[in-house]
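Beneath this line is the structure, given in structure tokens, with notes to follow.
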Amino acid sequence: QVQLVESGGGSVQAGGSLRLSCAASGYTVGIYCMGWFRQAPGKEREGVAGISTGIGLTYYADSVKGRFTGSQDNAKNTLYLQMNSLKPEDTAIYYCAANLVYGCYSGSWSDPRWYKYWGQGTQVTVSS
């Protein structure tokens, strides 16, 4: 059974940093698309970063480029999202997601429908 468990959320002031983790289990390590999404109250779920595991190819939303960095630790089967220079508009619930069939593509990684498995989410709150 595939499980994705996020951790690392919290409350920070603007300009601060957080690192989110997503511990994955229940599947064979390979080249897949793992994504980070976020959803703020009243807004649609937004793709933040997409990582093709195994090859390290990463896509980012324009709103986080240069501030957020996605990475992976294959030995631990864990995905990370390092978030720097946080802004109040980054406040949201952050989710980890997995597509265990295909890698990430530029035209699909940010579409929630590309992913079958989702974590429960972790809250990130950035105050001004």
Side-chain angles (χ1 to χ4, degrees):
Q1 182 178 357
V2 176
Q3 284 193 319
L4 304 174
V5 181
E6 302 98 333
S7 60
S11 298
V12 296
Q13 290 192 327
S17 298
L18 284 173
R19 188 176 82 154
L20 305 183
S21 299
C22 173
S25 62
Y27 63 92
T28 303
V29 175
I31 299 177
Y32 305 123
C33 188
M34 302 289 288
W36 285 103
F37 285 76
R38 65 187 181 187
Q39 189 165 21
K43 294 189 176 181
E44 292 187 352
R45 193 164 293 193
E46 172 192 23
V48 174
I51 304 167
S52 281
T53 62
I55 60 175
L57 178 64
T58 307
Y59 297 95
Y60 297 100
D62 288 342
S63 59
V64 305
K65 275 181 184 175
R67 300 189 298 122
F68 290 12
T69 303
S71 63
Q72 58 181 319
D73 184 331
N74 287 331
K76 296 181 179 179
N77 217 11
T78 300
L79 200 69
Y80 301 101
L81 185 67
Q82 178 66 44
M83 306 186 296
N84 299 327
S85 302
L86 283 162
K87 304 175 181 180
E89 51 263 42
D90 295 318
T91 295
I93 299 174
Y94 283 70
Y95 298 91
C96 173
N99 175 328
L100 300 182
V101 179
Y102 302 107
C104 293
Y105 298 94
S106 60
S108 61
W109 73 268
S110 60
D111 187 341
R113 297 171 297 178
W114 188 244
Y115 302 86
K116 180 176 181 179
Y117 302 98
W118 292 83
Q120 81 289 350
T122 185
Q123 177 71 47
V124 171
T125 303
V126 185
S127 57
S128 57

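- Residues Ser127 and Pro88 approach most closely at C-CG, 4.5 Å, considering heavy atoms.
- Using a 4.0 Å cut-off between charged side-chain N and carboxylate O, Asp90 and Lys87 make no salt bridge.
- Residues Leu79 and Leu57 do not share a hydrophobic cluster, defined by chaining ILVMFWY side chains whose heavy atoms lie under 4.5 Å apart.
- Both Leu81 and Leu4 are part of a single hydrophobic cluster, where members link through side-chain heavy atoms under 4.5 Å apart.
- Linking Ile, Leu, Val, Met, Phe, Trp and Tyr residues whenever their side-chain heavy atoms come within less than 4.5 Å places Leu86 and Leu20 in a single cluster.
- Here CD of Gln3 is found 11.0 Å from SG of Cys22. Values are rounded to the nearest 0.5 Å.
- Both Trp36 and Val12 are assigned to one and the same hydrophobic cluster, defined by single-linkage of ILVMFWY side chains at heavy-atom distances under 4.5 Å.
- A continuous path of hydrophobic side-chain contacts links Tyr59 to Val101 [ILVMFWY only; heavy atoms under 4.5 Å].
- To the nearest 0.5 Å, atoms CE (Met34) and OH (Tyr32) are separated by 10.5 Å.
- Heavy-atom contacts from other residues, nucleotides or ligands closer than 6.0 Å to OH of Tyr102 number 12 or fewer.
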Could you check Glu89 against Ser63 for side-chain contact (heavy atoms from CB on, under 4.5 Å), going step by step and ending with a plain yes or no? CA-CA 10 Å; Glu89 51 263 42; Ser63 59; over 6 Å; no
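- Ser110 places no side-chain N or O within donor-acceptor distance of the main-chain N or O of Gly47, the cut-off being under 3.5 Å.
- The SG atom of Cys33 sits 8.5 Å away from the CH2 atom of Trp109 when rounded to the nearest 0.5 Å.
- Ring pair Tyr115/Phe37: centre-to-centre distance below 6.0 Å.
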List the steps and the verdict of side-chain contact (heavy atoms from CB on, under 4.5 Å) for Gln123 and Thr91. CA-CA 8 Å; Gln123 177 71 47; Thr91 295; 4.0 Å; yes
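- The shortest non-hydrogen separation linking Ala14 to Ser128 is CB-CA, 4.3 Å.
- Annotation: side chain of Ile51 is in contact with side chain of Gln72 (closest heavy-atom distance under 4.5 Å).
- Atom CZ of Arg45 is separated from atom CD1 of Ile93 by 8.5 Å, given to the nearest 0.5 angstrom.
- Here Cys96 contributes atom SG and Tyr80 contributes atom OH; the two are 11.5 Å apart, rounded to the nearest 0.5 Å.
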Start with the C-alpha distance between Leu100 and Lys116, add both sets of side-chain angles, then the distance that settles side-chain contact (heavy atoms from CB on, under 4.5 Å), and finish with yes or no. CA-CA 8 Å; Leu100 300 182; Lys116 180 176 181 179; over 6 Å; no
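- Contact detail for Ala92 and Ala40: the closest heavy-atom pair is CB-N, 3.8 Å.
- Among the candidates Trp118, Tyr94, Tyr95, the single residue satisfying the side-chain contact (heavy atoms from CB on, under 4.5 Å) test with Glu6 is Tyr95.
- Taking OG of Ser7 as the reference point, atom CZ of Arg19 lies at 9.0 Å (rounded to 0.5 Å).
- A donor-acceptor pair is defined here as one N or O able to donate and one able to accept, closer than 3.5 Å; no such pair exists between the side chain of Asp73 and the backbone of Thr78.
- Side-chain N or O atoms of Tyr60 include one that pairs as donor or acceptor with a backbone N or O of Gly70 at under 3.5 Å.
- You'll find the side chain of Val64 reaches within 4.5 Å of the side chain of Arg38, heavy atoms only.
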